Enquirer: 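There's a structure below that I have some questions on.
Keep in mind that what you see is a predicted model, and the values were worked out from it rather than measured.
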Amino acid sequence: MQSVIARISSEYQLLVAANKSVLNEFQQTHRETLSKLYEEGPLARQAEYMEVLRALKEKNENIRLFSIISPARSGVFQHITGDFLPDCKEEIRSTFDNTEQEELFLHRSSKSIHYDLLLPLFDHPGAYFFVAFNVDPIQEMLTKFSLPHQELFLLRNDNIGKIELSSTNEISDNIAGLVMTTDEIEQFSFIEPIENTRWNLAIRLSESYRTQIIKASVTRAVLMTVFFCLILLFVYRLIRRSTSQLIQVRDYLYQQQKYDPLTGAFTQNAFVNQVTRFLSTSNRTDKFLVSFKFAKDVNTSDKDLHEEYYVKHFSSALMTFLGDEYTYGRVNDIILVISSKLGTKRLNHLAEASLKYVEDFNMRYNDNLNIQMVAIPLNEKFSAGLELVRAVCGIQANRQPTPLTVVDADSEEVKQVFEDQYLVQSLSEAIANETLLLYRQAISEVGHEGNSVEQYEVLCRLELDGEIVSPMKFIPLAEQSDLIVSLDKYMFRKSLEKLTESSLQTTLSINLSGKTLTHPNLKTFIEDGFKQYDIAPARITFEVTETYAVTHIDEAKAFISWARALGCQFALDDFGQGVSSFSYLQSLPISKLKIDGCFIKDIHKNTKNRMIVSTMVNLCHQFKLASVAEFVEDEEILTVLRDIGVDYAQGYGIHKPERW
């Protein structure tokens with residue numbers, strides 16, 4: 001019975017591994033088609049989807065359907081496939097929470113039964129390629145390994161007694177919903193869990209055969225005890241040898257999930273476990289955790305591709321140079337190394353070798369790659385691997401490229417990393433619990449006081465431990481952690497909600513980050529918001545920074561054109577901040593320019609800034625755009641702006657932000 005359990009478990013693991021291999025190969029050969037479908041999202045046509053599904057079914061006839069799960073954990077093609085079953089949603093949620101699929105189980109509807117596989121979607125971090133399979137091969141396994149005197153069952157281990165499949169039943173509704181009693185479960189001769197699933201594989205013998213075995217065993221024990229023991233030992237050794245090989249295959253497949261396919265290093269979770277084990281078992285004196293990161297200016301569209309190339313290239317050279325006595329991990333574009341041999345002397349040698357490698361690489365390929373190394377001593381301040389990995393990765397994210405930086409655990413930089421992480425976690429909870437505070441600041445028309453239409457920019461504040469946190473602290477962190485999309489959507493929805501509570505025809509300016517601007521379902525989200533709250537789009541002005549608009553001109557132009565067609569207004573924020581040419585103004589369909597506050601706050605004293613602002617305002621008027629001055633702190637500044645001809649003013653001298 002143990003061999004039957006082992007064989008079915010091993011064959012199941014091989015089946016899943018083969019299916020994953022097919023899906024990864026399909027993603028590679030249909031990369032552009034899947035990316036195009038994902039970007040179209042709810043606008044994807046059924047004919048396009050069916051063409052991809054047919055190609056997928058040619059690879060595996062047991063595939064039922066596919067979808068793409070966005071980072072928001074929702075299916076992109078629900079308008080084609082329909083909404084997922086509750087069980088499917090639970091498995092999707094578990095995969096996102098654990099960053100990999102760990103709890104495979106069957107899903108039943110009134111007409112069918114299937115299981116799902118979720119793999120990371122190529123070129124789209126945070127998204128998953130979702131494929132549903134028929135269970136015929138699993139049913140065939142149970143039937144193939146079932147003997148005439150045996151019944152094989154797949155039982156749920158999280159819902160005791162619930163039957164998933166059985167060798168005595170075909171795939172039909174007659175088994176759906178059956179639950180065994182405690183007495184029935186006790187009749188099983190063997191029950192064993194299947195790894196990475198919610199199943200127990202159970203074997204039950206027929207009653208007559210059970211009695212026959214007992215009688216035969218007693219007879220043999222009396223007549224041929226010695227001979228019988230020798231035969232059992234011989235058979236046991238044969239089975240053990242065969243089973244051992246199958247277990248090795250199973251363990252190999254399990255180990256594959258712990259390693260990054262690009263570099264061969266440990267994945268983030270696996271590396272954290274390795275570091276925790278290292279901290280508890282090794283001498284920490286004069287030992288370091290080291291991280292490597294590359295920096296290079298590349299086009300946004302090619303950025304991920306460049307990062308993967310350099311990460312793979314360098315990690316291979318690093319592993320060759322250091323050897324197997326070092327433990328390697330990968331977290332996004334960061335390579336991490338830890339070892340009992342990594343002391344101060346070895347660390348300096350490693351830094352010199354890495355710099356030499358980068359110099360040779362740049363010379364050979366005429367490139368301009370920079371390397372940044374951060375090392376943290378493994379002192380007693382760190383009790384867990386997760387803290388240490390978060391610290392070094394956080395420092396890497398906040399630093400400019402430097403050859404080697406050794407950061408002490410007690411340093412302000414490490415403390416700042418953990419404070420930032422706490423701030424991001426608090427912001428995420430505030431968004432989820434809808435406790436983020438809304439503020440508003442008036443935008444006044446210069447020289448036309450008493451205008452009946454109120455204009456405000458919507459602002460946000462975070463209340464943390466009884467204190468109000470400025471957005472200057474948490475918004476940059478939100479952009480780094482990709483939480484900015486959820487924040488922008490929260491601000492848009494809450495702003496529309498506030499407008500419904502007011503009888504005045506207030507107009508609002510709402511900020512959108514660059515990441516939000518390119519989010520796949522943003523347009524649908526905005527349209528649904530206007531419909532839900534019955535707010536005219538003309539009452540909303542979206543603001544995007546000039547830096548993003550200029551460096552992503554095509555994406556910005558496409559979204560702004562769509563928003564203007566919907567009826568919204570669009571403003572270019574932080575205008576004049578480091579841009580040398582304004583030719584892009586001819587192609588961007590904007591309605592307002594918000595002049596950066598660095599030119600405004602001392603304009604009554606600084607002649608150069610007054611000339612610059614005057615030029616900007618004249619430029620706005622030539623392009624038939626409204627000009628908005630930020631950081632207007634007092635009446636003296638406002639008087640200068642009025643003389644120059646600025647259209648709108650915003651700042652503490654006009655109106656201090658107020659709780660809304």
Enquirer: Tell me whether Lys258 forms a cation-pi arrangement with Phe266, defined as NZ or CZ under 6.0 Å from the six-membered ring centre and within 45 degrees of its axis.
Expert: no
Enquirer: Take Lys356 and Glu359, measure what salt bridge (charged side-chain N to carboxylate O under 4.0 Å, His left out) needs, and give me the verdict at the end.
Expert: CA-CA 5 Å; Lys356 181 67 168 57; Glu359 290 173 0; over 6 Å; no
Enquirer: Between Glu40 and Lys36, is there a side-chain N and carboxylate O pair less than 4.0 Å apart?
Expert: yes
Enquirer: Before you tell me yes or no, could you show the steps for Tyr357 and Phe314 under ring-ring contact (aromatic ring centres under 6.0 Å, His included), namely the whole-Å CA-CA distance, both residues' side-chain angles and the distance that decides it to 0.1 Å?
Expert: CA-CA 9 Å; Tyr357 170 82; Phe314 178 75; 5.6 Å; yes
Enquirer: Any donor and acceptor pair, going by atom type alone, linking the side chain of Ser513 with main-chain N or O of Ile484 inside 3.5 Å?
Expert: no
Enquirer: Please evaluate residues Tyr328 and Phe271 with respect to the criterion ring-ring contact (aromatic ring centres under 6.0 Å, His included), reporting the C-alpha separation (whole Å), side-chain torsions for both, the decisive distance (0.1 Å), and the verdict.
Expert: CA-CA 7 Å; Tyr328 308 91; Phe271 185 74; 8.9 Å; no
Enquirer: Of all heavy-atom pairs between Leu65 and Leu53, which one has the smallest distance, and what is that distance?
Expert: CA-CD1, 3.7 Å
Enquirer: Regarding Asn521 and Ser70, is there a side-chain donor-to-acceptor distance under 3.5 Å anywhere?
Expert: no
Enquirer: Would you say that more than 12 heavy atoms from the other residues, nucleotides or ligands in this model lie under 6.0 Å from the CG of Asp360, or not?
Expert: yes
Enquirer: Can any side-chain N or O of Asn98 pair as donor or acceptor with the backbone N or O of Glu100 at less than 3.5 Å?
Expert: no
Enquirer: Applying side-chain contact (heavy atoms from CB on, under 4.5 Å) to Ser35 and His124, what does each step give before you reach the verdict?
Expert: CA-CA 8 Å; Ser35 291; His124 296 280; 3.2 Å; yes
Enquirer: Distance-only, no hydrogens or angles: does the Thr29 side chain make a donor-acceptor pair with backbone N or O of Phe26 under 3.5 Å?
Expert: yes
Enquirer: May I ask you to check whether His313 and Phe361 place their ring centres under 6.0 Å from each other?
Expert: yes
Enquirer: Step by step, work out the side-chain contact (heavy atoms from CB on, under 4.5 Å) result for Ser167 and Phe145.
Expert: CA-CA 9 Å; Ser167 63; Phe145 289 100; over 6 Å; no
Enquirer: Relative to each other, are the rings of Phe570 and Phe559 parallel, tilted or perpendicular (30° and 60° limits)?
Expert: perpendicular
Enquirer: Does the pair Val275 and Val272 meet the rule for a side-chain contact (heavy atoms from CB on, under 4.5 Å), with working shown?
Expert: CA-CA 5 Å; Val275 174; Val272 166; 5.8 Å; no
Enquirer: Show the nearest heavy-atom pair for residues Leu15 and Pro137, with the distance to one decimal.
Expert: CD2-CB, 3.9 Å
Enquirer: For Cys88 and Leu85, what are the C-alpha separation, side-chain angles and deciding distance, and is it a side-chain contact (heavy atoms from CB on, under 4.5 Å)?
Expert: CA-CA 5 Å; Cys88 298; Leu85 297 173; 3.9 Å; yes
Enquirer: Please report the C-alpha distance between Asn60 and Asn19 in whole Å, then the side-chain angles of each, then the deciding distance to 0.1 Å, and finally whether the side-chain hydrogen bond (donor to acceptor under 3.5 Å, both in side chains) criterion is met.
Expert: CA-CA 8 Å; Asn60 189 320; Asn19 288 342; 3.0 Å; yes
Enquirer: Residues in side chain to side chain contact (heavy atoms under 4.5 Å, CB included) with Asp83, at least two apart?
Expert: Gln78, Lys89
Enquirer: Determine, using ring centers only, whether Phe129 and Phe122 are less than 6.0 Å apart.
Expert: no
Enquirer: For Arg7 and Tyr12, test the side chains for any donor-to-acceptor distance below 3.5 angstrom and give the result as yes or no.
Expert: no
Enquirer: What is the distance from atom OG1 of Thr33 to atom CG of Leu37, rounded to the nearest 0.5 Å?
Expert: 7.5 Å
Enquirer: If every non-hydrogen atom of Gly41 is compared with every non-hydrogen atom of Val76, which pair is closest and at what distance?
Expert: CA-CG1, 3.1 Å
Enquirer: Within this structure, what is the OG-CZ distance for the pair Ser340 and Phe278, rounded to the nearest 0.5 Å?
Expert: 5.5 Å
Enquirer: Could you check Phe105 against His107 for ring-ring contact (aromatic ring centres under 6.0 Å, His included), going step by step and ending with a plain yes or no?
Expert: CA-CA 7 Å; Phe105 57 102; His107 313 302; 4.6 Å; yes
Enquirer: Ring centres under 6.0 Å, that's the criterion: do Phe321 and His349 meet it?
Expert: yes
Enquirer: My understanding is that only residues two or more places apart in sequence, or in another chain, count here; which of them pass side chain to side chain contact (heavy atoms under 4.5 Å, CB included) with Glu25?
Expert: Lys59
Enquirer: Say you draw a straight line from CD1 of Ile138 to CD1 of Ile8; how long is it, rounded to the nearest 0.5 Å?
Expert: 11.0 Å
Enquirer: CZ of Arg31: more than 12 outside heavy atoms within 6.0 angstrom?
Expert: yes
Enquirer: Do you see a donor-acceptor pair shorter than 3.5 Å between the side chains of Asp260 and Thr263?
Expert: yes
Enquirer: Short question: side chain of Ser316, backbone of Lys312 - any donor-acceptor pair under 3.5 Å?
Expert: no
Enquirer: Tell me whether Gln27 contacts the main-chain N or O of Pro120 through its side chain, where contact means a donor paired with an acceptor under 3.5 Å.
Expert: yes
Enquirer: For Glu91, is there any backbone N or O sitting under 3.5 Å from a side-chain donor or acceptor partner on Thr95?
Expert: yes
Enquirer: Parallel under 30°, tilted from 30 to 60°, perpendicular over 60°: which one fits the rings of Phe84 and Phe130?
Expert: tilted
Enquirer: Salt bridge between Asp97 and Arg93, side-chain N to carboxylate O under 4.0 Å?
Expert: no
Enquirer: Would a distance-only check, ignoring hydrogens and angles, find a side-chain to backbone donor-acceptor pair under 3.5 Å from Arg564 to Pro589?
Expert: yes
Enquirer: Run Thr267 and Arg330 through side-chain hydrogen bond (donor to acceptor under 3.5 Å, both in side chains) and show every step you take.
Expert: CA-CA 6 Å; Thr267 57; Arg330 180 191 175 193; over 6 Å; no
Enquirer: So which atom in Met319 and which in Gly264 form the shortest heavy-atom distance, rounded to 0.1 Å?
Expert: CE-C, 4.2 Å
Enquirer: For Phe96 and Gly126, work out which heavy atoms get closest and say how close.
Expert: CE2-O, 3.4 Å
Enquirer: In terms of heavy-atom contacts, does CD of Glu90 have more than 12 from other residues, nucleotides or ligands at under 6.0 Å?
Expert: yes
Enquirer: Keeping the roles fixed (side chain from Gln139, backbone from Ser166), state whether a donor-acceptor pair exists under 3.5 Å.
Expert: yes
Enquirer: I'd like to know if the side chain of Gln101 and the backbone of Asp116 have a donor-acceptor N/O pair within less than 3.5 Å.
Expert: yes
Enquirer: Which atom names give the shortest non-hydrogen contact between Tyr38 and Phe77, and what distance separates them?
Expert: N-CZ, 4.3 Å
Enquirer: Quick one: CG on Asn157 to CD on Glu192, what's the gap to the nearest 0.5 Å?
Expert: 11.5 Å
Enquirer: Distance check, rounded to the nearest 0.5 Å: His114 atom NE2 versus Asp87 atom CG?
Expert: 8.5 Å
Enquirer: What do you reckon, are the aromatic ring centroids of Phe66 and Tyr49 less than 6.0 Å apart?
Expert: yes
Enquirer: Going by the rule side chain to side chain contact (heavy atoms under 4.5 Å, CB included), which residues pair with Ser428 if we only count those two or more places apart in sequence or in a different chain?
Expert: Leu483
Enquirer: Would you call Glu164-Arg156 a salt bridge at under 4.0 Å N-O?
Expert: yes
Enquirer: Give a yes or no on whether Lys515 atom NZ has more than 12 heavy-atom contacts from other residues, nucleotides or ligands under 6.0 Å away.
Expert: yes
Enquirer: So, taking the atom named CD in Glu352 and the one named CG in Leu350, what distance separates them when rounded to the nearest 0.5 Å?
Expert: 10.0 Å
Enquirer: Treating Lys20 as the side-chain partner and Leu119 as the backbone partner, does any N or O pair qualify as donor plus acceptor under 3.5 Å?
Expert: no
